[in-house]
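Here is the structure we will look at, set down as structure tokens.
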Amino acid sequence: VVVVEMPSGFQLQTGSGLQCSRFDGLRNSSGAVGAAVTCEAWPPRPRWVLLRNRLGHALAPDRYEFAMEAINPALAMAAAPWSIWSYSSDTMTAASLLDVGSIEGYPVNNKVSDFSVEPWPPGQQDSGAAVTFQFAFMLKIPISAGDVLIVHGPREYEFDCDGSGFQSLLLPRPSCSGARVAFSF
């Protein structure tokens, strides 16, 4: 059994029963997927994620990866550690403890609270007609080199960044893909 403990405030997303959402198996360094390894919540410890080996034999020493879905805390928080323990049995006792590890997580930011979108000039809202948008927003933390700011429009929108006449003293020229506009810093 491998136990991953999420920091306070994170919530594991589960699908049917206690199974982890978006879990597609365990991969090792050669890309093999261990389909007999399950990912599940453990109700007595809501921040714990359990990977159970149902292969009938131990996993070989290797680097392993998996994906699962969790919800970030509702409030902003500093980076906090994620912990991992591996056990030789389902009893998860001190006698069956194999490995212990911890890594620093990532900070959780406040949601953008001030955001507006307006057609320019006002009244340019005819269906099927090209429209220029004026966006305004207030960031809670500074944008650093390597960050990406993404604006998602309604599904039916098709943004055009090539001949858009984009103008900003602060934002780099965006790239567009369907209803998505990305600013790479």
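The basis for the numbers below is simple: all heavy atoms, side chains too, and nothing from hydrogens, waters or symmetry mates.
The distance from atom CZ of R52 to atom CG of D90, rounded to the nearest 0.5 Å, is 4.5 Å. Taken to the nearest 0.5 Å, the CG atom of L12 stands 14.0 Å off from the CH2 atom of W48. Summarising the geometry, atom CG belonging to L51 is positioned 5.0 Å from atom SG belonging to C39; distances are rounded to the nearest 0.5 Å. From S83, atom OG reaches atom CD1 of I103 across 9.0 Å, with rounding to the nearest 0.5 Å. Atom OG of S86 sits about 10.0 Å away from atom CG of L59, to the nearest 0.5 Å. Separation of atoms CG (D62) and OG (S30) is listed at 6.5 Å; rounding is to 0.5 Å.
Inter-residue side-chain proximity for F10 and V108 is flagged as met; some heavy-atom pair is nearer than 4.5 Å. At a threshold of 4.5 Å between non-hydrogen side-chain atoms, the residues L97 and W85 count as touching. Contact of the V181 side chain with the I150 side chain is not registered, since no non-hydrogen atoms from C-beta on lie closer than 4.5 Å. Contact of the E5 side chain with the R47 side chain is registered, since non-hydrogen atoms from C-beta on lie closer than 4.5 Å. Taking the side chain as every heavy atom from C-beta outward, W82 and S102 never approach each other to under 4.5 Å. Contact annotation: the side chain of M92 approaches that of V3 to within less than 4.5 Å [non-hydrogen atoms, C-beta and beyond]. L149 is listed as a side-chain neighbour of F185, based on a closest heavy-atom distance under 4.5 Å. Put simply, the side chain of V117 does not reach to within 4.5 Å of the side chain of V151, judged on heavy atoms.
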Do S175 and C161 pass the side chain to side chain contact (heavy atoms under 4.5 Å, CB included) test, and can you show the C-alpha distance, the side-chain angles, and the key distance before you say yes or no? CA-CA 6 Å; S175 62; C161 291; 5.7 Å; no
Can you check side chain to side chain donor-acceptor pair (under 3.5 Å) on N72 and Y106, steps first, answer last? CA-CA 10 Å; N72 284 333; Y106 55 90; 2.6 Å; yes
Would you please test Q13 and I71 for side chain to side chain contact (heavy atoms under 4.5 Å, CB included) and show each step? CA-CA 7 Å; Q13 289 297 102; I71 295 179; 3.0 Å; yes
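A salt bridge between E40 and R54 is present, with a side-chain N of the basic residue lying under 4.0 Å from a carboxylate O of the acidic one.
Hydrophobic clustering (ILVMFWY, side-chain heavy atoms < 4.5 Å, transitive): Y157 and F183 are in one cluster.
Here the shortest heavy-atom pairing between Y87 and L98 reads C-CD1, 3.7 Å.
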